[in-house]
Amino acid sequence: MTAEQPRRRASAMSPDQRREAIVAAVLPLVREHGAHVTTKQIAQAAGIAEGTVFRAFSDKTELLQACVTAALRPDELCATVRAVPRDTDVAERLTEAAQLFLDHFTRFGELVHTLAASGFDLRGGPDRKPTGLPEAREQFIHDLNAAVVSLVDPQELRIPPEDLAKYLQSLVLGLRFTATAQSTADTDHTAAIRARVDVLLHGALAETAHTTGESS
C-alpha cells in the first residue's frame, strides 16, 4: 500500500481577495434572503468556516454593506455597454445600452428592497462607519456615462456626447420608478426605451410644429 500523499493547500488569498471572494459567493443569497441570511449559509456558500467570515468582516452588517457596494459596481455593465455593435444606427446603439443599464439598476433596486424589507439599514446606522455608497453611486454614474459616450461619434450629435449620456440615464432611470403592479424585471420596456431614445434624439415637437414656428 502506498503512503497517502499529503494534501496540497490552496494558495493563500490576500485580505482583499478573501473579502471579494466571500462577497461574490454570498451576493446571490443576499438577493434572496436579505438581512435574514444566516452566518451558516454565508460560510457554506463561500466554502469556508464561519470564523473565517468574521476574520474578513467585522460583522454581518459590514458584509451586507460590501454586498450592496459590489452590486452597484459598474465594471461588468460598462464592459457590456462598450461591446454594443457599432454597425447599427445611433438610436439602436442607445436603445441597447439603455436596456442593459435598466436591467442592471433594476436588479440593484430589488436587492436594496429585499434588504430594506428584512430590516437592514443601508445608511449604516448612527454608530456605523460610512457605507461608501454615495461614492460608489457617483462612480457608477461616471463610468456608465463614459461607456455610453464610447458608443457615439461626436459628429453624429449637435450636443456634447457627455450631455447625451447624462440625458439618456435620466430618461431611462424614470422607468425604474414608474413600474407599479408588475415588477420592472418582468416587464418588457423595449418600446418605452425606444420612445425615450427617439425623443432624446429628435425632440418632442411634431414636424408641423417646427414648420409653424419657423413661419410665424
Side-chain angles (χ1 to χ4, degrees), residues 27 31 68-117 122-123 131-216:
L27 188 51
R31 292 185 187 279
V68 174
T69 301
L72 190 57
R73 285 177 58 180
D75 311 50
E76 184 177 345
L77 170 64
C78 289
T80 309
V81 169
R82 291 178 185 276
V84 169
R86 305 298 199 280
D87 57 356
T88 58
D89 63 33
V90 66
E92 287 297 323
R93 280 173 265 154
L94 294 181
T95 297
E96 186 170 348
Q99 184 65 66
L100 292 168
F101 162 55
L102 180 61
D103 290 346
H104 179 96
F105 202 82
T106 296
R107 290 192 297 271
F108 177 75
E110 289 175 345
L111 170 65
V112 169
H113 175 76
T114 300
L115 283 168
L122 287 168
R123 296 167 298 181
T131 62
L133 278 180
E135 294 82 1
R137 188 180 298 111
E138 288 184 11
Q139 191 65 46
F140 176 93
I141 293 172
H142 175 273
D143 291 352
L144 182 57
N145 281 344
V148 173
V149 166
S150 73
L151 296 181
V152 296
D153 184 337
Q155 295 182 347
E156 296 177 295
L157 307 172
R158 63 182 181 85
I159 62 173
E162 293 78 10
D163 289 349
L164 178 75
K166 293 175 184 177
Y167 298 155
L168 181 66
Q169 275 205 56
S170 298
L171 286 172
V172 175
L173 188 58
L175 287 172
R176 176 70 186 92
F177 302 104
T178 55
T180 53
Q182 191 174 17
S183 168
T184 306
D186 298 329
T187 305
D188 184 359
H189 287 290
T190 303
I193 291 174
R194 288 186 183 279
R196 282 162 169 75
V197 169
D198 184 69
V199 169
L200 177 59
L201 294 178
H202 304 113
L205 289 178
E207 190 63 32
T208 54
H210 284 293
T211 304
T212 303
E214 291 171 359
S215 60
S216 60

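For the single chain, residues carry numbers from 1 onward in sequence order.
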| To the nearest 0.5 Å, what is the distance between CZ (Arg73) and CD (Gln139)? | 10.5 Å

| So, for Val81 and Leu151, which heavy atoms are closest and what is the spacing to 0.1 Å? | O-CD2, 3.3 Å

| Of all heavy-atom pairs between Pro85 and Arg93, which one has the smallest distance, and what is that distance? | O-CG, 3.4 Å

| If you take all heavy atoms of Ala98 and Val172, which pair is closest and at what distance? | CB-CG2, 3.5 Å

| request: Determine whether Val68 and Phe108 make a side-chain contact, defined as any pair of heavy atoms from C-beta on separated by less than 4.5 Å. | output: yes

| query | Are the side chain of Arg196 and the backbone of Leu171 linked by a donor-acceptor contact shorter than 3.5 Å? | reply | yes

| About how many Å separate CG of Leu115 and CG of Leu111, when rounded to the nearest 0.5 Å? | 5.0 Å

| said: Tell me the closest heavy-atom pair linking Ser150 and Arg82, and the distance in Å. | reply: CB-NH1, 3.5 Å

| task | Quick one: closest heavy-atom pair of Ala165 and Val149, and the distance? | result | CB-CG2, 4.1 Å

| Between Glu156 (side chain) and Asp153 (backbone), is there a donor-acceptor pair under 3.5 Å? | yes

| Side-chain heavy atoms of Leu144 within contact of Pro74, under 4.5 Å | no

| request: Mind running ring-ring contact (aromatic ring centres under 6.0 Å, His included) on Phe140 and His104 for me, showing each step along the way? | output: CA-CA 11 Å; Phe140 176 93; His104 179 96; 5.3 Å; yes

| task | Rounded to the nearest 0.5 Å, what's the gap from CD on Glu96 to OG1 on Thr190? Could you check? | result | 10.5 Å

| said: Any carboxylate oxygen within less than 4.0 angstrom of a Lys/Arg side-chain nitrogen, looking at Arg194 and Glu92? | reply: yes

| request: Take His142 and Arg137, measure what side-chain contact (heavy atoms from CB on, under 4.5 Å) needs, and give me the verdict at the end. | output: CA-CA 9 Å; His142 175 273; Arg137 188 180 298 111; over 6 Å; no

| request: Please round to the nearest 0.5 Å and tell me the distance separating atom OG1 of Thr95 and atom CG of Leu100. | output: 11.0 Å

| said: When you compare the side chains of Asn145 and Gln169, does any donor N or O come within less than 3.5 Å of an acceptor on the partner? | reply: yes

| query | Do Leu201 and Leu94 touch side chain to side chain, with heavy atoms closer than 4.5 Å? | reply | yes

| message | Rounded at 0.5 Å granularity, tell me how far CD in Glu162 sits from CG in Leu157. | response | 9.5 Å

| remark: Distance col, row Phe105:CZ vs Leu77:CG, nearest 0.5 angstrom, shows 11.0 Å

| request: Report yes if some heavy atom in the side chain of Leu102 is under 4.5 Å from a heavy atom in the side chain of Leu173; otherwise report no. | output: no

| message | Within the supplied structure, the quantity of interest is the number of heavy atoms (other residues, nucleotides, ligands) at a distance under 6.0 Å from Arg86 CZ; does it exceed 12? | response | yes

